[in-house]
Amino acid sequence: MYNRCCTRVRSAAGTTDKFSVTVGLHQGSALSPYLFLLVMDALSSDIQEEAPWCMLFADDIVLVGENELEVQSRLEKWRQKLENVGLKISRSKTEHMFCDFGGLSSFATIELDGVTLPVCSDFKYLGSLVQCDGDIDRDVKTGLAQDG
């Protein structure tokens, strides 16, 4: 499909000369996310759990637990599994969110390799905004602002 392929890079500074692409898939190829997901699915099949406890979409993974110990345990399983095959969980992009649906008043921190992960109050997953308080206000307001 990509045999003897050439490409160029266009930027504000101009366009490069053609050069050969000899390794991997093209960035932006429709096959890239699909192939990545196939590999991730095969690599993690023994630690995956049913939704909502574990959800994968391309290179995004959502791990859910009823308390911080469950989340910490799931995160450690994923870290070990991925690092055993030469992959890493991004230390700069990984964060966690606490949803108080059961009346708990506080939560412990979640760590990755001994480093405390930052806390977020909402995150976007497959186009929907998930908020820690269970509301949908920010998602609705964002949608209205974009439509308006």
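In this text, all values refer to a predicted model and were calculated from it rather than measured experimentally.
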Quick one: do Gln48 and Asp41 satisfy side chain to side chain contact (heavy atoms under 4.5 Å, CB included)? Show the steps, please. CA-CA 8 Å; Gln48 285 185 35; Asp41 195 43; 2.8 Å; yes

same_hphob_cluster(Val85, Trp78) at 4.5 Å side-chain heavy-atom cutoff: yes

Measure the spacing between CD1 of Ile47 and NZ of Lys77 and express it to the nearest 0.5 Å. 8.0 Å

If you round to the nearest 0.5 Å, how far is OG1 of Thr7 from CZ of Arg10? 10.0 Å

Phe36-Leu43 co-clustered via ILVMFWY side chain contacts under 4.5 Å: yes

Step by step, would you call Trp53 with Leu63 a side chain to side chain contact (heavy atoms under 4.5 Å, CB included)? CA-CA 6 Å; Trp53 308 111; Leu63 302 175; over 6 Å; no

Hey, mind stepping through Asp17 and Arg8 against side chain to side chain contact (heavy atoms under 4.5 Å, CB included) and telling me if it holds? CA-CA 6 Å; Asp17 294 333; Arg8 298 175 193 215; over 6 Å; no

Point-to-point distance, once rounded to the nearest 0.5 Å, from CG of Asn67 to OG of Ser73: 10.0 Å

Hey, could you give me the CE/CG distance between Met40 and Leu82, rounded to the nearest 0.5 Å? 5.0 Å

Looking at Gln80, I'd like to know if its CD atom is crowded, meaning that more than 12 non-hydrogen atoms belonging to other residues, nucleotides or ligands lie closer than 6.0 Å. yes

Minimal non-hydrogen separation, Gly114 against Glu111, with atom names: CA-OE1, 3.7 Å

Less than 4.5 Å apart, any side-chain heavy atom of Val64 and any of Glu49? no

The criterion is salt bridge (Lys or Arg N to Asp or Glu O under 4.0 Å); which residues satisfy it with Asp113, sequence neighbours excluded? Arg79, Arg91

Report whether Leu69 and Leu75 are members of the same hydrophobic cluster (ILVMFWY, side-chain heavy atoms less than 4.5 Å apart, transitive linking). no

I'd like to know if the side chain of Glu68 and the backbone of Ile110 have a donor-acceptor N/O pair within less than 3.5 Å. no

Hey, what do you get for CG (Leu112) to NZ (Lys88), rounding to the nearest 0.5 Å? 10.0 Å

I'd like to know whether Ser44 forms a side chain to side chain contact (heavy atoms under 4.5 Å, CB included) with Leu56, so could you lay out the CA-CA distance, the side-chain angles of the two residues, the decisive distance to 0.1 Å, and finally the verdict. CA-CA 10 Å; Ser44 63; Leu56 280 80; 4.3 Å; yes

List the steps, then state whether side chain to side chain donor-acceptor pair (under 3.5 Å) holds for Glu76 with Gln72. CA-CA 6 Å; Glu76 182 59 21; Gln72 186 70 60; 5.2 Å; no

